[in-house]
Amino acid sequence: MALLATATPPCGLLLTARASASSPGCFLRAPRSRALRRAMAASGADAAASGGSAPPSLLVFSGGTAFNGVVEELKKVTTRVAHVLPVSDDGGSTAEIVRVLGGPAVGDIRSRCLRLSDESTSEALSVRTLLGHRLPLDPSEAKLEWYQIVEGEHALWDGVSQPYRETIRAFLVYFHNEILRRSAEMFCFTNGSIGNFFFAGARIFFQSLDAAIFLFSRVSQIPAESLVLPVISTNDRLTLGCELWDGTIIRGQNEISHPSHGRKEVVNKDCNSCSALPSRIKRVFYMSSEGSNLLHEVFPEANRTVLEQLSKVDCIVYAMGSLFTSVCPSLVLRGIGETIASRSIPKVLLLNGSHDRETTGLPASGFVTAITDSLNRTYGDPDKSLKNLPKDYVNALLVPKGGQIPLDVKNLASQGIFHVVTVDSIRDAKTGIIFDPQSLIQALTSLMSDRRFVERDLLTENVEPVC
């Protein structure tokens, strides 16, 4: 049968991938292009004076959707970016893969890898289109199209050369064979992501999430200095839980952010698509695979590569998006808070432009508090908690102009945060007000070249207020 013909990946690829599995009230407007060029020139002069010419390096905590819109713009400034992503997403086609095959969720990682992938040649675009393709919503149509793809007969393969075709198809076939081996679990291909299937096949074959990321990065030709890092390096399934202030425990990332109430359907991520939570979120934490209450809390270790990157990057960014299910899952792990608090660099929160189910009613200072509590592990095991101040974790806010989140300046000042920059925004039909990508990257670049962040007490000097 054609599906079995290329089930074993090429030996050369196998060896390569295995070997590498390794003043209060003051607001600023984002700098215009001329200011940006001056900032970049100053940054370049500093680098030259120190004997180097490397662009700035960042570490970004985010999920797989909201920050994707600025990745292309960020690549124009620097490719030295470590993208740290959670592996607890249990919605969409990721949920189906985890249900049948187990393992960590790879959807957010796949999404970011695609955004970082090369598109400079026609073949690179063809590979990106293939791995970014989703199957139809109708189950029968989805299954039929999947067979056409895995058998190499679909038009998506047009423009993909033989070496790439054989490599990608080998892992799609391997994924398919793993599904067939679990005959008791009927797999649903509805809205399935080909990139997710390729990723899952590679992870299972190598028994390594890091190796799968390496392979995907090479196939999609991501710049070598751009890192896509799972916050937890694991081959096991991870479940996110949350505790509400009224004591309610919710199990599963999707049930926290976009509950489906047991229905199998495409996740609707519109900002007003979900009913309100019965109480605000107190904290998020990890649960055992079968757990349903606080007795089943587990404490996985942070990816060592994430800790290494945190200790040496020039800027740390908490990206916009789902605060408690996209950003905070990466912050609650031991070692993350300790390392961030030790750094005297820009630590920038990109404030959401709209509220969602997780943050309804929260002002800007509430976002800072949530990040601080997560990094301090305030409401978990007291023996594992920290006592650092908000300013140890966040020293600047970038805010989209016209956003819905209240800017409670006095509360931010009491947290030690005085550097708030308003950034031009655009309106998205689904999510509302979002950052204008170019303006956001300009503002972020300006912050990275601002030496005042090395000395925290000078943060309000020479700030030009906007009335």
Side-chain angles (χ1 to χ4, degrees), residues 30-64 66-85 109 111-120 124 128 213-214 217-218 220-229 231 305-321 327 330 339-340 343-350 395-398 419 421 423-424 435-454:
R32 301 301 180 185
S33 58
R34 184 177 301 173
L36 174 62
R37 288 194 294 270
R38 288 199 301 266
M40 292 298 291
S43 178
D46 291 341
S50 61
S53 58
S57 61
L58 295 82
L59 183 142
V60 180
F61 290 107
S62 69
F67 193 75
N68 277 349
V70 302
V71 168
E72 300 289 345
E73 200 65 35
L74 180 58
K75 286 195 294 185
K76 299 175 184 178
V77 175
T78 181
T79 54
R80 298 176 63 213
V81 183
H83 300 264
V84 178
L85 299 150
I109 293 173
S111 179
R112 187 57 49 81
C113 283
L114 278 175
R115 287 291 182 144
L116 293 168
S117 62
D118 180 43
E119 51 183 352
S120 62
R128 181 168 174 160
I213 294 173
F214 171 84
S217 298
R218 292 300 178 266
S220 56
Q221 298 185 56
I222 295 174
E225 61 272 19
S226 295
L227 305 178
V228 179
L229 302 173
V231 71
T305 305
V306 173
L307 298 178
E308 291 171 2
Q309 289 296 313
L310 279 173
S311 68
K312 62 184 181 181
V313 294
D314 302 318
C315 178
I316 295 169
V317 176
Y318 309 97
M320 60 286 193
V327 177
S330 296
T339 308
I340 293 176
R343 302 297 314 281
S344 294
I345 57 175
K347 306 169 191 179
V348 188
L349 169 60
L350 310 184
N395 53 28
L397 265 69
L398 299 186
H419 209 87
V421 182
V423 178
D424 287 343
F435 288 101
D436 171 70
Q438 183 177 8
S439 298
L440 175 60
I441 299 308
Q442 288 177 355
L444 192 56
T445 302
S446 180
L447 287 177
M448 287 188 289
S449 65
D450 193 339
R451 294 185 178 184
R452 291 173 297 170
F453 283 100
V454 179

Does [X] reach the main-chain N or O of [Y] with its side chain, forming a donor-acceptor pair under 3.5 Å?
{"X": "Asn395", "Y": "Ile345", "value": "yes"}
{"X": "Thr445", "Y": "Ile441", "value": "yes"}
{"X": "Thr78", "Y": "Pro56", "value": "yes"}
{"X": "Ser117", "Y": "Leu114", "value": "yes"}
{"X": "Thr79", "Y": "Glu225", "value": "no"}

Listed partners of Ser62 passing side-chain hydrogen bond (donor to acceptor under 3.5 Å, both in side chains), at least two apart: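 Partners of Ser62 under the side-chain hydrogen bond (donor to acceptor under 3.5 Å, both in side chains) test: Arg112.
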side-chain contact (heavy atoms from CB on, under 4.5 Å) between Leu447 and Leu398, worked out: CA-CA 10 Å; Leu447 287 177; Leu398 299 186; 3.6 Å; yes
Considering all heavy atoms, the nearest [X]-[Y] contact:
{"X": "Ala319", "Y": "Val327", "result": "O-CG2, 3.5 Å"}
{"X": "Arg343", "Y": "Thr339", "result": "CG-O, 3.4 Å"}
{"X": "Ile222", "Y": "Cys113", "result": "CD1-O, 3.6 Å"}
{"X": "Gly321", "Y": "Ala66", "result": "CA-CB, 3.6 Å"}

Pairing residues for Ser330 by the side chain to side chain contact (heavy atoms under 4.5 Å, CB included) criterion, not counting sequence neighbours: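 By the side chain to side chain contact (heavy atoms under 4.5 Å, CB included) rule, Ser330 matches Phe61, Val84, Pro86, Val231.
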Give the table of side-chain donor-acceptor pairs shorter than 3.5 Å for residues 309-316, with sequence neighbours excluded, one pair per line with atom names and distance.
{"unit_1": "Ser311", "atom_1": "OG", "unit_2": "Glu308", "atom_2": "O", "d": "2.6"}
{"unit_1": "Asp314", "atom_1": "OD2", "unit_2": "Ser57", "atom_2": "N", "d": "2.9"}
{"unit_1": "Asp314", "atom_1": "OD2", "unit_2": "Ser57", "atom_2": "OG", "d": "3.1"}

Pair Leu58-Leu444, side-chain contact (heavy atoms from CB on, under 4.5 Å): steps then yes or no: CA-CA 10 Å; Leu58 295 82; Leu444 192 56; 3.6 Å; yes
Selection residues 70-81 - residue pairs positive for salt bridge (Lys or Arg N to Asp or Glu O under 4.0 Å), sequence neighbours left out: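 As it turns out, the salt bridge (Lys or Arg N to Asp or Glu O under 4.0 Å) pairs with a partner in residues 70-81, which skip direct neighbours, are Glu72-Lys75, Glu72-Arg128, Glu73-Lys76.
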Nearest-0.5 Å distance that lies between atom CD1 in Ile213 and atom CD1 in Ile109: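 So the CD1 of Ile213 and the CD1 of Ile109 are separated by 4.0 Å.
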Separation between CD of Gln442 and CG of Asp424, rounded to the nearest 0.5 Å: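 Atom-to-atom, Gln442:CD and Asp424:CG are 8.5 Å apart.
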pair Val71-Leu116: side-chain heavy atoms closer than 4.5 Å: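 They are in contact (side-chain heavy atoms under 4.5 Å apart), so the answer is yes.
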Pairwise side-chain contact, Tyr318 with Ile340, heavy-atom cut-off 4.5 Å (strictly under):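 A side-chain contact exists here, since the closest heavy-atom pair is under 4.5 Å.
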